[in-house]
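Structure record follows, encoded as structure tokens.
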Amino acid sequence: MPKALTGFVAIVDDDSAVRKALGRLLGASAICSRAYASGREFLQSLPSGAPDCLIVDLQMPEMTGLEVQAELTQAGAHIPTIVITAHHDAGLRERCLTAGAAAYLVKPLDEVVLLASINSAISAELARAVAAPGR
């Protein structure tokens, strides 16, 4: 059976202004979101339901976006992930994409690109779930 959509996108960023701005953008696009101030807070929320997509900041204290991705992979969780960062680095970009990120976007974010990335990531995950049922 294909994965059912949970109806929300998770936003994980230690900057409250970024969380608020992204929440407003998604809300204006009729996308429900839940915001988390840290990777640990997000990971602890997973038992109550995984998001359809994750937007995670790369540079956060305590736990980076790459570390969040690694924990999800280790747990066998397939959550389409969009990594965002204010500090572009080609090596980090490659590491994020190799770790399974659906997109790597540099702040300030282009709203159209972000929304397209979310739609693409969710569509790709649904196609993967249909092609490999039971995973």
Side-chain angles (χ1 to χ4, degrees):
M1 173 178 275
K3 176 183 174 183
L5 293 178
T6 56
F8 77 97
V9 171
I11 301 165
V12 180
D13 198 304
D14 59 312
D15 184 331
S16 63
V18 171
R19 290 193 308 271
K20 189 173 185 177
L22 289 175
R24 277 195 208 135
L25 170 65
L26 297 182
S29 301
I31 299 171
C32 293
S33 66
R34 295 183 191 163
Y36 305 90
S38 71
R40 185 66 49 216
E41 180 185 349
F42 165 70
L43 292 169
Q44 290 172 347
S45 78
L46 289 177
S48 65
D52 296 327
C53 184
L54 167 63
I55 300 170
V56 64
D57 187 23
L58 181 60
Q59 308 282 335
M60 294 184 292
E62 298 177 31
M63 178 177 250
T64 68
L66 263 172
E67 291 168 333
V68 172
Q69 276 188 278
E71 290 227 8
L72 290 171
T73 299
Q74 185 177 7
H78 297 282
I79 301 171
T81 302
I82 298 168
V83 176
I84 61 174
T85 183
H87 308 285
H88 176 59
D89 177 299
L92 282 175
R93 177 185 186 279
E94 188 60 34
R95 283 180 59 201
C96 291
L97 295 175
T98 299
Y104 177 95
L105 305 176
V106 179
K107 298 174 188 175
L109 301 173
D110 179 306
E111 296 175 3
V112 173
V113 172
L114 176 61
L115 294 171
S117 296
I118 292 168
N119 287 329
S120 176
I122 292 171
S123 295
E125 177 61 16
L126 287 174
R128 186 199 66 77
V130 168
R135 287 182 125 193

Using the test side-chain hydrogen bond (donor to acceptor under 3.5 Å, both in side chains), find all partners of [X] that sit at least two apart in sequence or belong to another chain.
X: Gln44; answer: none
X: Thr98; answer: Glu94
X: Arg95; answer: none

Look only at the side chain of [X] and the backbone of [Y], and say whether a donor-acceptor pair between them is shorter than 3.5 Å.
X: Thr64; Y: Glu67; answer: yes
X: Asp57; Y: Met60; answer: no
X: Asp52; Y: Val9; answer: no

Distance check, rounded to the nearest 0.5 Å: [X] atom [atom1] versus [Y] atom [atom2]?
X: Leu92; Y: Leu58; atom1: CG; atom2: CG; value: 5.5 Å
X: Ile11; Y: Ile55; atom1: CD1; atom2: CD1; value: 5.0 Å
X: Ile122; Y: Ile79; atom1: CD1; atom2: CD1; value: 11.5 Å
X: Ile118; Y: Leu25; atom1: CD1; atom2: CG; value: 7.0 Å
X: Tyr104; Y: Ile84; atom1: OH; atom2: CD1; value: 11.0 Å

Measure the shortest side-chain to side-chain distance between [X] and [Y] over non-hydrogen atoms and say whether it is less than 4.5 angstrom.
X: Leu115; Y: Ile31; result: yes
X: Cys96; Y: Leu66; result: yes
X: Arg34; Y: Phe42; result: no
X: Leu105; Y: Ser117; result: yes
X: Thr81; Y: Val68; result: no
X: Leu54; Y: Tyr36; result: no
X: Glu62; Y: Glu41; result: no
X: Met63; Y: Val12; result: no

Basic-acidic side-chain contact under 4.0 Å: Asp15, Lys107:
no
Indicate the atoms forming the closest heavy-atom contact of [X] with [Y], along with that distance.
X: Cys32; Y: Gly7; answer: CB-O, 3.2 Å
X: Val83; Y: Ala101; answer: CG2-CB, 3.9 Å
X: Ala121; Y: Ala102; answer: CB-CB, 3.7 Å
X: Asp14; Y: Pro61; answer: OD2-CD, 3.4 Å

